[in-house]
Amino acid sequence: MELKFDPKNPKYQYITEDSEIENSLEKLEKESIIAIDLESTGFDPYTSKVLLIQLGTPEISYIFDARVLHLKENERFKALMENPKTIKLMQNGKFDYGFLKYHFGIEIANIFDVMLAEGILTAGLKGSMGLISLRNLVSQYLETDLEKETRKTFENYTGKITEQQLIYSALDTLMLFPIFEQQVEKLKNEQLVNIAKLEFAVTRVVAEMELRGIFINVSRWRDIIASLKEKRNKYAYDFQESIRQYYATNGIDLFGNSVDAININSQVQLMDLFNNRLGLDVPSTGDNILATIEHPVAKILRDYRGYEKLISAFGESLLEKVNKVTGRLHPDFIQLGAATGRFSCQNPNLQQIPRNSEEAPFRECFIPAPGYKLVVTDYSSMEMRILADVSGDQKLIQAVNDSDVHSFTAALMFNKEYSADFKKKYPDLRQAAKIINFGLMYGMGPGSLARQIGVTPEVGKEYLDKYFKIFPHVRSFLDTVAKNAVSKGWSKTPAGRKRWYNIPDKSEPDYNRRISQIQREAKNHPIQGTNADVTKYALVFMKDRLKKEGVDGFVTHTVHDEVVCEVREDQAQDWSLLQQEEMIRAGELIIKKVPVKSEPFVGDVWEH
DNA sequence: AGAGGTGGTG
DNA sequence: CATGCACCACCTCT
């Protein structure tokens, strides 16, 4: 590919005088597409400084020294960044958006993010998930090596910006244009333009979500952990006491301190205990296995694990992530973290905080700032509605229209009268139907279905047959998706989001296994992926609506089919209805054959 | 450092 | 024959 710049000697203008700003802006304002990048002393906007802001054309990069220039007061600078008519090429724009919003009050508009574009174009393929580096894009699209070592020099810069740093900074904007041009063509060819637009709109919401963060009641959190530790320690002690007899130790060391027989957390040592010393024969030490074992040690271990899990995964380590400046948690939401289009979440992962329970009401520790409320909306049985919608199965559409899908399914399958109290009358039948309903969306087969419900494989197959006899279009839809995924190498959601598959060669030894894997993934993709599409539209709609209505509120969190906003107390109740409205509007963009439902909750803790 | 096991969420 | 989707964190062990 022909480049419009010399990678060894890129053109740039380093601007260190306020008087030079206007001149560069004038040039940039003439462009319909500019590239933006930013160099900072770190990754956290609250504790890091902005050093350089690069705004580029295809030929030249204007490097603004943010330390010495008065950019915050420059309305023209801000207007350019916020101009919705100018496309802003960025790499992981969420990062720069957050810094510019916090340090300069700038809200970049009309982003084209090459990282997200690549994620959309390669969803599901190995190495495409999550964060894709500019270096990789440059290597792939421009067959050039982009030196990235210089970035580290910004973290402990000594004052003077070096020529090497300027070259590095300039390349980061110049490289974006030729990548952009090729990606646009690909997006058009794959009919992924609308999905790209959605992701680019979402990235501003995500940036603000991360910037705002989530308030957490630290002392309450510590109290929960402390009480869990007490219980865990008791079970840890009981465990050591009950297994000591199987080991050549009296449990006391030379100094009179008690010493453990084995490391209770070691899977290897536990296997030795169960299989060599207790005379059992366990394939693993997972909870599903331990649950079937009569031995008292298994019971103690299960109890211990229940507490240990919560303490290790959600204990003090989470509190360490509280931001020193804001006192809030600012997790990373990875916009294309999942192959299906869902978000993933890290540092900490607030999408896996346990549901509230008596002993560990973790979610109750997530609270609004003083003077605010949390407004929570989630979609009700969204994936079932999606399955009904995409399959077009009249019976399933009818089932989700009724108040309880699983009961209705059970009634049809087991020839019972459907009634409002079905759940009470036939809890087992409902549970079986629920497992089938969910299992199907994951491509489950008769074997594991039978195992889940606790029936023989033959009965499991009967159930499946019965199910598909009632919902024939569900079967045909899933089969078609699976077949097409293998023949075409991709599947897509109604909104157009694609997921690709590496189809193995027939000569591969595990060909059948891998094809089955792809078929299951493909059956799930339109369902999980549509859920992601809908929630992402909802996020964009909500942010826009908050602004339009002048509500003092922020999107703070999302968990796949749920959105949490933090809204000023006196506005929260009214806003909750608008939040519900936007959730439903987003759903109805894509889901046409069944109603979309979402109830709003206003409260002082995160639960619903 | 990375893999495997275990278990938390939707 | 064995085959339930999508993630991330923590632990141990090599």
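The model shown is predicted, which means the values in this text are computed figures rather than measured ones. Each chain gets a letter, A, B and so on, in the order the sequences are listed, and its residues count up from 1.
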So, with a heavy-atom separation below 4.0 Å from DNA chain B, the residues of residues 285-310 of chain A are A/T285, A/G286, A/D287, A/R305, A/K309
Contacts of A/H557 meeting ring-ring contact (aromatic ring centres under 6.0 Å, His included) (sequence neighbours excluded), chain-then-number -> A/F333, A/W606
Ring pair (Phe, Tyr, Trp, His ring centres under 6.0 Å) pairs touching residues 209-231 of chain A, sequence neighbours excluded, are A/W221-A/F362, A/W221-A/F366
The correct set of residues in residues 506-543 of chain A placing a heavy atom under 4.0 Å from DNA chain B is A/Q528
Residue set satisfying ring-ring contact (aromatic ring centres under 6.0 Å, His included) with A/Y467, at least two apart, ordered chain then number -> A/F471
By side chain to side chain contact (heavy atoms under 4.5 Å, CB included), A/D223 pairs with (sequence neighbours left out) none
Across all chains, not counting sequence neighbours, the side chain to side chain contact (heavy atoms under 4.5 Å, CB included) partners of A/H473 are A/D393, A/S476
Contacts of A/D260 meeting side chain to side chain contact (heavy atoms under 4.5 Å, CB included) (sequence neighbours excluded), chain-then-number -> A/Q240
- Query: Any donor-acceptor pair under 3.5 Å joining the side chain of A/R355 to the base of B/dG8?
  - Reply: no
By ring-ring contact (aromatic ring centres under 6.0 Å, His included), A/F200 pairs with (sequence neighbours left out) A/F112
Its 5'-most and 3'-most nucleotides having an atom under 4.0 Å from a non-hydrogen atom of chain A, DNA chain C is contacted over C/dT3 to C/dC13
By side chain to side chain contact (heavy atoms under 4.5 Å, CB included), A/S312 pairs with (sequence neighbours left out) A/E308
Sequence neighbours excluded, the answer for ring-ring contact (aromatic ring centres under 6.0 Å, His included) partners of A/F414 is A/Y463
